[in-house]
Participant: 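Attaching a single structure in structure tokens format; questions to follow.
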Amino acid sequence: ALANEEEARQWAEEYNAEAQVVWYDNVVASWNYNTNLTDYNQDESLKYSAIKAAFDRESGLTASSYDYENFEDQLLARQFRKIADIGEAVLSEEDFNRQSELRAEMQRIYSTAEACNKPGDDDPDKCYPLDPDLEQIMATSTDWDELKWAWESWRDVSGRLMPDMYEEYAGLLNKAADMNGYDDNGDYWRSWYEMETFAEECERIWQQLRPLYEQLHAYVLRKLKEVHADHIDEFPFTGHIPAHLLGNMWSQSWGNIEEFVRPAPEKPGLDVTEEMIRQGYTPLKMFELSEEFFTSLGLIPMTEKFWDDTMMVKPDDRDVVCHASAWDFYNQEDFRIKQCTEVSMSWLITTHHEMGHVEYFLQYKDLPVQYRDGGNPGFHEAIGDVLALSVSTPEHLEEIGLLPDFEDDPDGDLNFLMNQALAKIAFIPFGYLIDQWRWNVFSGETQKEDYNTDWWEMRCRYQGVAPPVGRLATDFDAGAKYHVPANTPYIRYFISHILQFQFHKAMCDAAGNTNPLHRCDVYRSEEAGTAIGDLMKLGSSVHWEEALEAMTGTTEMSAEPLVEYFGPLLEWLEEQNAGETIGWSNECPEGTIVP
Ligand SMILES: O=C(CCC(O)(O)[C@H](Cc1ccccc1)NC(=O)c1ccccc1)N[C@@H](Cc1ccccc1)C(=O)O
Ligand SMILES: [Zn+2]
């Protein structure tokens with residue numbers, strides 16, 4: 001085995017040099033399409049992704065020709081295992097191009113869809129895109145019918161057009177997974193977490209956090225019935241919250257209804273959007289503020305090219321994919337973010353989220369290309385959010401001048417915790433259900449005729465929300481969420497919402513924090529920076545449990561730090577909910593799916 005191990009090591013070096021070039025060309029073509037959705041750019045993007053697939057397929061075959069499982073050098077074996085894991089590139093050129101084309105088409109539908117015929121508009125042909133118009137309505141309107149129009153129209157112009165394409169697309173993903181030796185594409189996606197019991201782990205964590213979510217849901221439902229008293233008879237008696245009332249197009253984070261559920265309503269809230277606008281914040285200022293937090297921990301600043309090439313705002317002269325993303329060009333110097341930034345607190349948080357991806361790119365940029373990835377996908381999603389936990393504290397917002405009149409008393413503390421819970425606790429069931437549904441599609445448990453019925457069954461059961469208007473079995477409401485047409489897995493965000501509190505606790509301990517966990521701000525702590533930086537430097541070169549243990553002392557994902565963080569709020573919610581009904585029926589209310 002030794003002889004060809006040396007040969008293998010040589011080949012891996014050549015592979016790595018070549019991969020950087022082939023992958024770079026592919027990312028450039030993909031960037032050009034995402035930032036200018038033209039037919040030409042779509043063709044170019046498909047061309048270069050086919051070239052990359054041919055290279056990956058060829059490399060995968062060569063890697064598999066070595067008996068790498070029996071290598072002495074386990075690191076080299078891991079490298080070969082990753083080179084051999086080529087995903088859709090295993091498909092024939094025809095099948096590969098077909099799945100690329102389907103995905104690009106669904107992405108274009110999603111990214112260019114507009115809702116028209118808004119009630120009250122004198123011009124019925126006036127149309128509104130998701131970013132920023134429909135999202136803005138969902139975030140700020142309290143008009144039941146306006147919210148219902150935005151919620152329903154978005155699904156009609158996006159997901160409704162996709163079910164046939166998605167069925168064909170999922171079939172090709174499964175074909176590739178099968179050719180690579182997996183049961184189905186869900187099995188392939190779960191394999192990235194390198195643990196036999198991953199699905200069971202997720203269920204265990206969900207069951208542990210469900211009581212916290214139920215308490216928040218009960219309180220928010222009661223408050224929404226007050227706000228929308230004029231539509232009280234449209235609240236289903238099954239205990240579900242009408243999905244269009246939660247301040248977000250997908251009911252996935254509830255921060256925009258903070259003012260209606262604030263524990264001490266007479267005290268200031270923690271959403272600093274107005275103050276940001278009053279102080280003339282710009283998207284560039286938001287990016288610079290975020291970078292300064294990273295460098296205050298001793299982490300790596302953004303590169304020159306990053307500032308030149310990042311797309312910070314929605315262009316007004318072309319169609320783009322607005323959904324935020326961070327881009328590694330795999331040439332060790334070109335890193336970008338693409339987002340349609342608006343000036344708001346939630347966009348300040350998103351900017352930290354995206355910059356967390358870029359910091360990870362910078363920390364692992366000198367590793368072999370197949371190690372330039374998160375320890376597991378949840379790691380990559382957690383980095384920016386961890387730093388944002390510090391930035392969101394009253395201490396920090398005061399320090400950067402965005403919270404002039406905060407009174408640090410028990411009321412202020414609860415108002416802060418509620419604001420955090422509306423982002424973090426509200427998200428948990430949503431983060432869990434998306435891939436529960438997709439894993440069922442890939443396994444065949446959910447067939448096309450049941451796509452929408454099963455989607456709502458899960459939305460009702462896990463999230464306790466119901467549609468404000470009947471949905472057709474032939475609708476495809478899953479397609480109205482970016483990650484489904486974009487084929488971006490989602491359980492990573494559920495995992496991130498657990499890990500980010502474990503990382504936060506470890507960084508706070510490293511920084512010598514003595515505050516309660518939810519009031520810890522690691523700003524300017526080099527020790528905290530070293531803790532998270534060392535984790536990122538590993539990329540995906542070691543099993544994530546090893547990286548987690550090095551930083552936190554445990555190999556286990558644990559909801560403990562999250563529960564500790566929200567402890568005081570849970571107590572308060574239980575008091576507020578004493579004697580009230582908690583929870584909702586597992587089945588959807590009558591009329592959820594209409595013929
Ligand atoms: O989708 C995102 C942020 C976009 C992203 O940064 O996760 C982006 C998604 C994406 C876009 C295009 C192709 C692939 C993935 N992910 C990245 O840019 C990314 C991820 C890993 C490595 C490199 C880049 N957040 C999710 C979930 C979320 C996250 C955090 C807080 C709230 C909600 C959402 O909005 O529903
Ligand atoms: Zn992300």
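Remember, it's 1-based here, ligands and their atoms both numbered in the order they're listed.
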Participant: Of the backbone and side-chain N, O or S atoms of Glu381, does one lie nearer to the Zn ion (ligand 2) than 2.8 Å?
Facilitator: yes

Participant: If you measure from each non-hydrogen atom of Tyr490 to ligand 1, which part falls under 4.0 Å: side chain, backbone, both or neither?
Facilitator: side chain

Participant: Tell me, which protein residue and heavy-atom name are nearest atom 18 (O) of ligand 1, and how many Å apart are they?
Facilitator: Ala326 N, 2.8 Å

Participant: Given that the side chain starts at C-beta and the backbone is N, CA, C, O, which of these parts of Asp385 lies under 4.0 Å from ligand 1, counting heavy atoms, or is it both or neither?
Facilitator: side chain

Participant: What protein heavy atom sits nearest atom 29 (C) of ligand 1, and how far away is it?
Facilitator: Tyr493 CD2, 3.7 Å

Participant: At the 4.0 Å heavy-atom cut-off, does Ser253 count as touching ligand 1?
Facilitator: no

Participant: What residue and heavy atom of the protein are closest to atom 15 (C) of ligand 1, and at what distance?
Facilitator: Thr488 CG2, 3.5 Å

Participant: Give a yes/no verdict on a cation-pi contact between Arg336 and Trp31, requiring under 6.0 Å between NZ or CZ and the six-membered ring centre and an angle within 45° of the axis.
Facilitator: yes

Participant: Atoms of ligand 1 less than 4.0 Å from Ser325 heavy atoms?
Facilitator: 11 (C), 12 (C), 18 (O)

Participant: Given the Zn ion (ligand 2) as the apex, I'd like the angle to NE2 of His357 and NE2 of His353, rounded to 10 degrees.
Facilitator: 110°

Participant: Hey, do the aromatic rings of Phe306 and Phe335 have their centres closer than 6.0 Å?
Facilitator: no

Participant: Would you indicate which of Glu381, His483, His380 comes nearest to atom 20 (C) of ligand 1 when only heavy atoms are counted?
Facilitator: Glu381

Participant: Check whether any side-chain heavy atom of Phe379 lies under 4.5 Å from a side-chain heavy atom of Leu548, and answer yes or no.
Facilitator: yes

Participant: Establish, yes or no, whether a centroid distance under 6.0 Å links the rings of Phe361 and Phe329.
Facilitator: no

Participant: Just wondering, do Met355 and Met302 contact through their side chains at under 4.5 Å, heavy atoms?
Facilitator: yes

Participant: Do any N/O/S atoms of His380 come under 2.8 Å of the Zn ion (ligand 2)?
Facilitator: no

Participant: Centroid separation under 6.0 Å, is that true for the rings of Phe476 and Trp455?
Facilitator: no

Participant: What residue and atom, counting heavy atoms only, is the protein's closest point to atom 16 (N) of ligand 1, and at what distance?
Facilitator: His357 NE2, 3.8 Å

Participant: Does Trp250 reach ligand 1, in the sense of a heavy atom lying below 4.0 Å from it?
Facilitator: no

Participant: Any idea which protein heavy atom is nearest atom 12 (C) of ligand 1, and the distance to it?
Facilitator: Tyr482 OH, 3.4 Å

Participant: Who's the nearest protein heavy-atom neighbour of atom 3 (C) of ligand 1, and how far?
Facilitator: Glu354 OE2, 3.5 Å

Participant: Just going by heavy-atom distances, which of Ser30, Ala486, Ala324, Ala426 is nearest to atom 4 (C) of ligand 1?
Facilitator: Ala324

